[in-house]
Number of protein chains: 2
Amino acid sequence: MKKADKHQKILVAATKVFGSKGFFSARISDIAKEAKVADGTIYLYFHNKYDILLTLFEEEIAKLIVDIKAALAQEEDPRRKLYIFALHHLKLVIEKKELAEVLQMELRQSSDSVKEYRITKFVDYVNIISGIIHQGQKSGIFRPELKPGIIKRAFFGALDEMSRLWILNSDHSYTIDDTADEISSIFLNGISLPA
Amino acid sequence: MKKADKHQKILVAATKVFGSKGFFSARISDIAKEAKVADGTIYLYFHNKYDILLTLFEEEIAKLIVDIKAALAQEEDPRRKLYIFALHHLKLVIEKKELAEVLQMELRQSSDSVKEYRITKFVDYVNIISGIIHQGQKSGIFRPELKPGIIKRAFFGALDEMSRLWILNSDHSYTIDDTADEISSIFLNGISLPA
DNA sequence: ATTAGAAATGAATTTCTATTCATTCTATTC
DNA sequence: GAATAGAATGAATAGAAATTCATTTCTAAT
């Protein structure tokens, strides 16, 4: 097995274990077992437990950004773009459940040391939303008085919360497409009827 | 000092410590020190570390529900109610920063054991939102085709994400009122201009 | 003032697990 | 097929903290 393969294999295992038990409750030996390597082997590829989490986070968000940007490039209309972003984000939850769980956690971990780091890659991701909003305001489609900085957070928060619902419940009354549609519709048109 | 006081004193200390270091990185001895009691004393009031977190969560959410319901009772219009909910939720972040941090974490902790429990009280809280939506749909103010179950999550998610921003950043460009206003405005009216 | 019972203490114990490293395995080269 | 270097192993170590409990301190009733 190539070196890169084992690195990857450990990351995949770690994603699974972190996703199900959470970072702190996850044991190195759990990850090792899942990856079918010895405990010590993990330290040939990562500095320590936390390093596994960070690497995971970095690499996966980077992939996500590439994917979503490619999908958005196909589309001109900011309204459609918002929908596409929602769809992509929610798809992640279906296709990479464990990863989604890890991201959710990692983002919230309130430990001062974690607060420091984190940011960079994730900020890039969320800024894709404000880019869309901005474009829509420039072309006169979105209300100009709204602050992209708030909207991006609100939109991301809404999606993130839906993801959590998906992860926690197993019922799944709604499809991904319906959910993406409803969320983007709420943001685009609001919930009030015209007076 | 009365027994109940010490119970409370430990909870307050725990809120502070959990909020700043996170549940797992928080030490019982940190909490003891903060509460100015001996380590062992904590075990006279709580079964274990996790029990502190759960109690905290339960008691505080219960208070929050009472508060917010009282505020809502003053108001008839569902649109105003949504704003009031937002305002109250965001105020929590200002007034009880540490508590807000604990709630954020606790909600996300993905460890199967935690997933089990959690729910009850928190569900009650979020259901206040769907109650408002429902009322608005019944009285013909909100679009009837939207699903309250999704909206409540989206709305809560948006607020929760704003809270996180507040906790993480110290810049705070916007006031609480403006933010509550903007978030509820987005939900009520959407971001698109009339065609 | 005495004292029984409750409450609090914090050093000692126990448990748990991340990390290390001496040893073993594997594959490549001559 | 022996030699060598790189990779992998997993038992042993070390450190950290949750929890316990023998002892001390406080409280209030008589």
Practice problem: Might you work through the salt bridge (Lys or Arg N to Asp or Glu O under 4.0 Å) test for B/K81 and B/E75, ending with a clear yes or no? | Solution: CA-CA 6 Å; B/K81 279 190 176 176; B/E75 185 60 54; over 6 Å; no

Quiz item: Could you give the CG-to-C1' distance, from A/L53 to C/dA18, as a whole number of Å?
Solution: 15 Å

Taking N or O atoms only and anything under 3.5 Å, show me the protein contacts with nucleotides 11-13 of chain D, one pair per line.
none

Self-check item: Under 3.5 Å on both distances, the Watson-Crick or G-U partner of C/dT29
Solution: D/dA2

Quiz item: Of the nucleotides C/dA8, C/dT19, D/dT9, which one has an atom closest to the side chain of A/N48?
Solution: C/dT19

Quiz item: Of the nucleotides D/dT9, C/dT19, C/dT9, which one has an atom closest to the side chain of A/I28?
Solution: C/dT19

Quiz item: Between A/K49 (NZ) and C/dA18 (P), how many Å, whole number?
Solution: 5 Å

Quiz item: Starting at CZ of A/F46 and ending at P of C/dT19, how long is that distance when rounded to a whole Å?
Solution: 13 Å

Quiz item: Can you check whether A/Y125 and A/F85 have ring centres sitting under 6.0 Å from each other?
Solution: yes

Quiz item: Which whole-number value in Å describes the distance from B/Y43 OH to C/dG10 P?
Solution: 16 Å

Exercise. State whether B/Y50 places a side-chain N or O below 4.0 Å from either non-bridging phosphate oxygen (OP1 or OP2) of D/dA18.
Key: no

Quiz item: Which residue, A/T41 or A/S29, contacts DNA chain C at a nucleotide closer to its 5' end, judged by nearest heavy atom?
Solution: A/S29

Quiz item: Between atom CD1 in B/I42 and atom P in D/dA17, what is the gap in whole Å?
Solution: 15 Å

Practice problem: Specify the separation, in whole Å, of atom CD1 of B/I31 and atom P of D/dA18. | Solution: 8 Å

Practice problem: Kindly say whether B/S130 contributes a backbone atom to a donor-acceptor pair with the side chain of B/N127 at under 3.5 angstrom? | Solution: no

Quiz item: Strictly under 6.0 Å, is that where the ring centroids of A/H134 and A/F142 end up?
Solution: no

Practice problem: Establish, with yes or no, whether the OP1 or OP2 oxygen of C/dA7 is under 4.0 angstrom from a side-chain nitrogen or oxygen of B/K6. | Solution: no

Quiz item: Between B/F156 and B/F122, is the ring centre distance below 6.0 Å?
Solution: yes

Quiz prompt | Rounded distance in Å - CZ (B/R27) to P (D/dG15) | solution = 16 Å

Exercise. Please check if atom NZ in A/K49 has more than 12 non-hydrogen atoms from other residues, nucleotides or ligands closer than 6.0 Å.
Key: yes

Quiz item: Got a salt bridge between B/E161 and A/R153, using NZ or NE/NH1/NH2 to carboxylate O under 4.0 Å?
Solution: yes

Quiz item: Nearest-Å distance, NZ (B/K33) to P (D/dA17)?
Solution: 13 Å

